[in-house]
Amino acid sequence: MGTESYTYLGRNFSQLSINDASSSSAFSDCNSDRSGEFATASSQTRRFLITCATENSDDLIRQLVADLHSASLDDQKQAAMEIRLLAKNKPENRLKIAKAGAIKPLISLISSSDLQLQEYGVTAILNLSLCDENKEAIASSGAIKPLVRALSTGTATAKENAACALLRLSQVEENKAAIGRSGAIPALVSLLESGGIRAKKDASTALYSLCTVKENKLRAVKAGIMKVLVELMADFESNMVDKSAYVVSVLVTVPEARAALVEEGGVPVLVEIVEVGTQRQKEIAVVILLQVCEDSVTYRSMVAREGAIPPLVALSQSGTNRAKQKAEKLIELLRQPRSSNGGGRASELAV
């Protein structure tokens, strides 16, 4: 996406367009509003530009919120577009816009059959959710179910921004179960499987947050997430190895996920990562393998048969401190007599 540049009253607005927000961290927060803002520097942008150049946007915000209730689709679109931009570029406006009553009418727009209006509504809600004080109000106003629908039926941008909005809402712990119950997990798994690279990153980040709750882990496994994650981890060109592995590490705390990981061929993929991945990839792969092996002799045998011990020995000597510790512990487990299965049988058979 290119960057448009505008000048008003001597002020340059080239920063309004955000391209790729990839970072070196395994999970960086979703950005607000990655869709294009202006096709041209037309009269439609003037009110917004004037607002950015002045100190007080309160009057405009009140008018825009009123316009959200207009019978005119064009007026609604214009108001939603300007609200989303005001919320994106001036953090102090996010609470002002919410207090002016914008949340409920914006949520109504998310259910619109007009895909552009839906996208503007989703993105405006995302941008408002960047203010921590707005998250509870957005969730309690009924945003979750419309966002999940947009995640399944919207434009590519609406899907990405709906995933990000759900991520923001999931940062309030009590929202996680509600988001899971609303059908978000299968929709996010679908986006992770079939979306573009940005959509995959957004979906994986949202799933990482949501799957700290056990019931959401089980929903994700049932939705077929492990097959998708194993495929992404196996593709070193996907730029998704780290993110996928971190989601796996959250999931495999439950036996159903461990069984699904093994069934989908995850063990040889993880062993390969320990052998040829980056330092961070090796570290998270050995953490996952240790979780898989701790209670299951059968899984230990599988990992050993895949040739894991030599790369684990190398990792125990040259990895990060955490990787060294986990590798040493896993080597010790893999070298234990096969009869010491402990209580592993239940986890081996759990589905």
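What's counted below: heavy atoms across the whole structure, side chains too, no hydrogens, waters or symmetry copies.
To the nearest 0.5 Å, atom CG of residue N161 and atom CG of residue L126 are 5.0 Å apart. Within the model, atoms CD of E136 and OG of S129 stand 14.0 Å from one another, a figure rounded to the nearest 0.5 Å. Distance check: K96 NZ to I61 CD1 gives 6.0 Å after rounding to the nearest 0.5 Å. Considering CD1 of I225 and CG of L188, their distance stands at 8.5 Å, rounded to 0.5 Å. The CD1 atom of I288 lies 5.5 Å from the CE atom of M233; values are rounded to the nearest 0.5 Å. Atom CZ of residue R168 and atom CD1 of residue I125 lie 13.5 Å apart, to the nearest 0.5 angstrom.
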Intermediate values then yes/no, side chain to side chain contact (heavy atoms under 4.5 Å, CB included), R258 and L261
CA-CA 5 Å; R258 295 194 291 272; L261 175 65; 5.6 Å; no

Tell me, with the steps shown, if Q78 and E82 meet side chain to side chain donor-acceptor pair (under 3.5 Å).
CA-CA 6 Å; Q78 184 66 23; E82 293 192 28; 2.5 Å; yes

Take R280 and I284, measure what side chain to side chain contact (heavy atoms under 4.5 Å, CB included) needs, and give me the verdict at the end.
CA-CA 6 Å; R280 185 170 66 187; I284 189 60; 5.6 Å; no

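Looking at R62 and D59, a side-chain N of the basic residue comes within less than 4.0 Å of a carboxylate O on the acidic one, giving a salt bridge. A salt bridge links K77 with D114: the distance from a Lys NZ or Arg NE/NH1/NH2 to an Asp or Glu carboxylate oxygen falls below 4.0 Å.
Note on residues 137-154: pairs passing side chain to side chain donor-acceptor pair (under 3.5 Å), not counting sequence neighbours, are S111-R149.
With sequence neighbours left out, K217 forms a side-chain hydrogen bond (donor to acceptor under 3.5 Å, both in side chains) with T253. Residues forming a salt bridge (Lys or Arg N to Asp or Glu O under 4.0 Å) with R305 (at least two apart in sequence, or on another chain): none. In terms of the side-chain contact (heavy atoms from CB on, under 4.5 Å) criterion, residue partners of K227 (sequence neighbours excluded) are, by chain and number, E231, E264. Judged as a salt bridge (Lys or Arg N to Asp or Glu O under 4.0 Å), and not counting sequence neighbours, D75 has no contacts. By the side-chain contact (heavy atoms from CB on, under 4.5 Å) test, A327 is found to be paired with V286, L312, L315, S316, residues two or more places apart in sequence or in another chain being considered. In this structure S238 satisfies the side-chain hydrogen bond (donor to acceptor under 3.5 Å, both in side chains) test with no other residue, sequence neighbours excluded. With sequence neighbours excluded, the residues forming a salt bridge (Lys or Arg N to Asp or Glu O under 4.0 Å) with E173 are K176, listed by chain and number. Listed by chain and number, the residues in a side-chain hydrogen bond (donor to acceptor under 3.5 Å, both in side chains) with E283 are T320, R322 (sequence neighbours excluded). Partners of Q325 according to the side-chain contact (heavy atoms from CB on, under 4.5 Å) rule, which considers only residues two or more places apart in sequence or in another chain, do not exist here. In this view, K329 and L290, E294 satisfy the side-chain contact (heavy atoms from CB on, under 4.5 Å) rule, not counting sequence neighbours.
L115 is not connected to L109 by any chain of hydrophobic side-chain contacts under 4.5 Å among Ile, Leu, Val, Met, Phe, Trp and Tyr, and they are in different clusters. Both L232 and V274 belong to a single network of hydrophobic side chains, linked directly or stepwise wherever heavy atoms of I, L, V, M, F, W or Y lie under 4.5 Å apart. I309 and L289 end up in the same hydrophobic cluster when Ile, Leu, Val, Met, Phe, Trp and Tyr side chains are linked at under 4.5 Å. The hydrophobic cluster containing L210 does not contain V221, counting ILVMFWY residues as joined when their side-chain heavy atoms lie under 4.5 angstrom apart, directly or transitively. Under the 4.5 Å side-chain heavy-atom criterion for grouping Ile, Leu, Val, Met, Phe, Trp and Tyr, L151 is connected to I197 within one hydrophobic cluster.
Summarising the hydrophobic clusters (Ile, Leu, Val, Met, Phe, Trp, Tyr; side-chain heavy atoms under 4.5 Å, direct or chained), the residues clustered with L218 are V254.
Between E119 and T123, the shortest heavy-atom contact is O-OG1, 2.8 Å. Nearest heavy-atom pair, L166 versus A184, reported as atom, atom and distance to 0.1 Å: CD1-CB, 4.2 Å. Here the closest heavy-atom approach between residue R94 and residue C131 is recorded as CB-CB, 3.8 Å. Considering every non-hydrogen atom in both N127 and A87, the closest pair reads CB-CB, 3.7 Å. Scanning both residues, L106 and A80, for their nearest heavy atoms gives CD2-CB, 4.4 Å. Between A308 and L334 the shortest heavy-atom distance is CB-CD1, 4.4 Å.
Residues V292 and R300 are not in side-chain contact: their nearest non-hydrogen atoms beyond the backbone lie 4.5 Å or more apart. Under the 4.5 Å side-chain criterion, counting only non-hydrogen atoms from C-beta, S170 is not in contact with N175. Looking only at side-chain heavy atoms (C-beta outward), Y299 and Q291 stay at 4.5 Å or farther from each other. Side-chain contact between L229 and L251 is present, with heavy atoms from C-beta onward closer than 4.5 Å. Counting heavy atoms from C-beta outward, L169 and L147 have side chains that approach closer than 4.5 Å. Put simply, the side chain of I83 reaches to within 4.5 Å of the side chain of L68, judged on heavy atoms. At least one side-chain heavy atom of E174 sits under 4.5 Å from a side-chain heavy atom of V172. Here the side chains of D202 and L167 are not in contact, with every heavy-atom distance at 4.5 Å or above.
Side chain of S249 to backbone of Y246: a donor-acceptor contact under 3.5 angstrom is found. The backbone N or O of S209 sits less than 3.5 Å from a side-chain atom of T212, completing a donor-acceptor pair. With hydrogens and angles ignored, the 3.5 Å screen pairs no side-chain donor or acceptor of S244 with any backbone N or O of V241. Of the possible donor and acceptor atoms, one in the side chain of T205 sits under 3.5 Å from a partner among the backbone N and O of K201. Between the K200 side chain and the L192 main chain, a donor and an acceptor come within less than 3.5 Å of each other.
Few gaps surround CD on Q279; more than 12 heavy atoms of other groups in view lie less than 6.0 Å from it. E215 CD: more than 12 foreign heavy atoms inside a 6.0 Å radius. By the neighbour-count criterion of 12 heavy atoms within 6.0 Å, atom CD of E92 is densely surrounded, having more than that number from other residues, nucleotides or ligands.
Side-chain polar atoms of D67 and Q63 form a donor-acceptor pair below 3.5 angstrom. A donor atom on one side chain and an acceptor atom on the other are not found under 3.5 Å apart for Q76 and S70. Using modelled atom types, one finds no donor on one side chain facing an acceptor on the other under 3.5 Å when comparing K324 with Q317.
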